[in-house]
Number of protein chains: 2
Amino acid sequence: MTKINDGKTTEAPTMNDVARRAGVSAMTVSRALKEGSHVSSATRERITRAINELGYVLDQSAGSLSSRRTGFVAAIIPSINNSNFSDTARGITDALEGTGLQLLLGYTNYSVEREEELIEAMLRRRPEGIILTGGSHTPKGRRMLEQAGIPVIETWDRPAQPIDKVVGFSNGEAMELLVETLARKGYRRFGYIGGVTARDTRGSQRRAGFVRALERLGLSSDRVISFGVPPISMEQGAQAVVSMLERWPDTQVALCVSDLSAFGALMECQRRGLKVPQDIAIAGFGDYEIAACCHPRMTTVNVDCYGIGRQAALKLTQTIQAQSPGTPEPVTLTGFRVIEREST
Amino acid sequence: MTKINDGKTTEAPTMNDVARRAGVSAMTVSRALKEGSHVSSATRERITRAINELGYVLDQSAGSLSSRRTGFVAAIIPSINNSNFSDTARGITDALEGTGLQLLLGYTNYSVEREEELIEAMLRRRPEGIILTGGSHTPKGRRMLEQAGIPVIETWDRPAQPIDKVVGFSNGEAMELLVETLARKGYRRFGYIGGVTARDTRGSQRRAGFVRALERLGLSSDRVISFGVPPISMEQGAQAVVSMLERWPDTQVALCVSDLSAFGALMECQRRGLKVPQDIAIAGFGDYEIAACCHPRMTTVNVDCYGIGRQAALKLTQTIQAQSPGTPEPVTLTGFRVIEREST
DNA sequence: CCCGCGTATGTTATCGCTATCATCCAAAAG
DNA sequence: CTTTTGGATGATAGCGATAACATACGCGGG
């Protein structure tokens with residue numbers, strides 16, 4: 001941007017301007033702006049006044065270049081529109097509160113290529129740590145992360161070969177638990193509604209868990225509807241349940257890759273006059289707000305999205321201040337639990 | 001952070017390391033990394049190889065200090081968990097794609113004090129522009145924005161005294177239109193369900209619009225239930241509709257400050273065996289995905305959240321490259337329209 | 001054969017801040 | 001009264017990149 005000085009656009013004041021006005025050196029201003037530095041209260045007050053008079057705002061780019069600490073933490077999630085992931089982002093932000101670290105958030109739209117671009121864009125900003133969703137990355141992305149020399153936390157998953165630290169759970173096991181819970185309740189003919197691509201690795205793992213659990217129980221795992229690419233929409237769930245009922249009219253319970261598709265399915269059933277759970281039972285995954293509020297209330301798996309974010313950020317800050325004796329555990333398993341409600 | 005060199009942690013390579021390895025000067029490396037600079041293809045290739053061998057990643061903090069362009073755009077939204085606002089964030093990101101600008105996102109939890117903190121935190125990063133939600137700020141926040149010397153875009157609203165540019169709509173008028181539309185359909189006894197505080201300024205304006213429209217029509221605007229602070233939850237809508245039906249059992253249609261509370265209300269009515277819209281009609285605001293998918297499908301007001309974000313970002317980039325003849329219009333009004341569905 | 005010009009590259013000087021070391025001084029300790 | 005100590009402040013030197021200017025070179029026209 002070529003700054004045309006039109007008379008009113010004065011150059012932004014720098015720390016030197018503040019120092020001059022307060023009659024101190026720039027170094028003292030710098031100290032006054034940092035917590036826990038020794039600056040006499042009289043000086044501090046003069047500096048504060050000068051700052052207010054000039055409307056000075058610290059330039060952190062310059063500061064971080066000098067101090068070699070940017071104060072950034074990067075986080076990459078698949079989608080900002082999915083409240084499960086935005087809950088995780090909220091958990092990260094909340095845990096970062098008061099640490100002086102600021103979140104740099106990016107989202108991939110479930111694309112590893114986009115993730116790779118984002119990783120590079122983020123690393124250019126020299127974050128002090130990075131939090132990722134899942135354990136699937138491009139080779140180049142993985143290499144960049146390994147070489148970055150900062151803590152890396154993979155979340156929402158249990159990667160077979162973690163890059164560094166992990167805060168997550170097994171999506172497959174969680175789905176297995178849901179199947180087992182419902183089987184114990186007497187259901188026998190299970191259907192699954194999920195995305196068609198492998199882009200959503202957590203979705204694939206849930207489906208794999210569905211199949212494993214049914215095989216173990218000696219039940220059929222054939223009733224699977226694949227309905228399109230992420231991001232998962234409610235509408236897709238509505239269409240999918242129709243296909244399912246056409247192909248396998250005897251399906252007793254439809255498990256969905258997410259509460260969102262489950263909700264779409266639930267509403268579609270009501271629209272067609274089917275009673276849930278009498279005619280067909282429906283369960284979701286994720287325990288979104290909607291699952292607790294819809295009618296009938298939805299059975300689902302709660303996976304503590306917010307806690308994943310919180311714990312990831314905590315592990316990150318602990319690792320950054322790594323002088324502590326017990327370096328944080330490499331893997332933190334977060335809990336999941338089936339929440340049985342009226343829809344099953 | 002004191003970096004203890006434990007043997008494996010080598011210092012990250014700098015541009016000079018790349019330059020030395022490629023047998024050129026740092027400046028040439030810098031040029032090779034920037035589009036549209038003259039670097040011979042042989043040299044460029046040597047540099048690229050050196051970069052890959054060293055695993056070099058550009059340090060943009062340092063670059064922006066020198067070039068006085070950070071490549072950041074700041075955006076502040078009330079909540080990351082509300083899909084209306086995250087749609088706006090998506091619109092911003094998408095419009096920024098390819099411009100070399102990166103989004104720095106923060107959210108306030110509907111608190112102007114938190115907004116003030118965020119404004120300062122963002123300005124410390126020297127963004128090239130800033131996008132805000134709404135026109136309510138603390139005096140200090142406003143002053144900082146005015147003095148920042150960068151384009152400021154207020155969105156989602158029509159502030160009486162804009163700081164700079166605006167991309168938004170009148171929440172009051174939108175609600176008026178909804179009331180009028182439903183009145184034309186024959187409804188006479190309107191109720192309103194909204195938050196209790198003034199923190200959510202858009203919510204207050206919608207309520208004001210509700211009252212204005214009914215007064216103009218000569219109808220009662222007394223049936224108002226206030227149910228708690230933002231963020232708005234579905235559950236609050238469920239509770240509020242119960243209160244409403246207790247206090248004003250004759251209510252014909254309940255307008256809600258948001259689709260989320262409307263949905264909660266809708267489900268609660270079904271739970272109680274009330275038929276929507278026969279026993280009570282319900283309408284929301286925002287046209288969330290849920291409104292199009294629930295049963296019965298919900299009447300609401302679409303306000304093009306994504307478009308607000310896109311247009312705000314476009315206006316921002318146009319203003320930044322302000323050499324163009326027609327500086328962008330100060331105010332862009334985005335459209336809204338009532339979407340009539342089955343719930344009314 | 002020289003001049004001019006545009007492309008390719010190098011040199012130098014910051015950008016605004018903070019780490020580090022040096023200095024000064026008053027109060028506590030001996 | 002001297003020495004020690006530590007708080008308060010200043011001077012200096014970069015952090016890693018890029019803007020701006022300088023230089024070198026090749027090629028076509030006069």
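What you see is a predicted model, and the numbers here were worked out from it, not measured in a lab. Lettering follows sequence order; numbering is per chain, from 1.
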Between B/Leu33 and A/Val24, which has a closest nucleotide on DNA chain D that is more 5'? A/Val24
Is there a donor-acceptor contact under 3.5 Å linking the side chains of A/Glu115 and A/His137? yes
Under a 4.0 Å N-O cut-off, is there an ion pair linking B/Asp157 with B/Arg202? yes
Under a 4.0 Å threshold between the charged nitrogen and the carboxylate oxygen, would B/Glu154 count as salt-bridged to B/Lys165? no
Taking the side chain of A/Thr28 as its heavy atoms from C-beta onward, which of D/dT18, D/dA20, D/dT9 lies nearest to it? D/dT9
Most 5' of B/His38 and A/Gln60 on DNA chain C, judged by nearest nucleotide: B/His38
Do side-chain atoms of A/Ser37 reach the backbone of A/Leu33 as a donor and acceptor pair under 3.5 angstrom? no
May I have the step-by-step check of side-chain hydrogen bond (donor to acceptor under 3.5 Å, both in side chains) for B/Ser67 and B/Ser64, ending in yes or no? CA-CA 5 Å; B/Ser67 67; B/Ser64 40; 5.9 Å; no
Taking 5' to 3' order, which nucleotide of DNA chain C is first and which is last to have an atom within less than 4.0 Å of a heavy atom in chain B? C/dA8 to C/dG16
Measure from CD on A/Glu45 to P on D/dT9 and round the result to the nearest Å. 13 Å
Students often mix this up, so state it plainly: with edges at 30° and 60°, are the rings of B/Phe72 and A/Phe72 parallel, tilted or perpendicular? tilted
Using whole Å, report how far CZ of A/Arg44 lies from P of D/dG7. 14 Å
Check this for me: does any side-chain nitrogen of one of B/Lys140 and B/Glu120 sit under 4.0 Å from a carboxylate oxygen of the other? yes
Measure all distances between protein nitrogen or oxygen atoms and nitrogen or oxygen atoms of nucleotides 13-16 of chain D, and list the pairs falling under 3.5 Å.
from: D/dG14; atom 1: N2; to: A/Ser66; atom 2: OG; distance (Å): 2.9
from: D/dC15; atom 1: O3'; to: A/Arg68; atom 2: NH1; distance (Å): 3.0
from: D/dC15; atom 1: O2; to: A/Ser66; atom 2: N; distance (Å): 3.3
from: D/dG16; atom 1: OP1; to: A/Arg68; atom 2: NH1; distance (Å): 3.0
from: D/dG16; atom 1: OP1; to: A/Arg68; atom 2: NH2; distance (Å): 2.9
from: D/dG16; atom 1: N2; to: B/Ala62; atom 2: O; distance (Å): 3.2

Would you say that A/Leu132 contacts A/Thr155 through its side chain, given a criterion of any heavy-atom pair below 4.5 Å between the two side chains? no
Categorize A/Thr43 for me: base, sugar-phosphate, or nothing, with a 4.0 angstrom heavy-atom threshold over every strand shown. sugar-phosphate
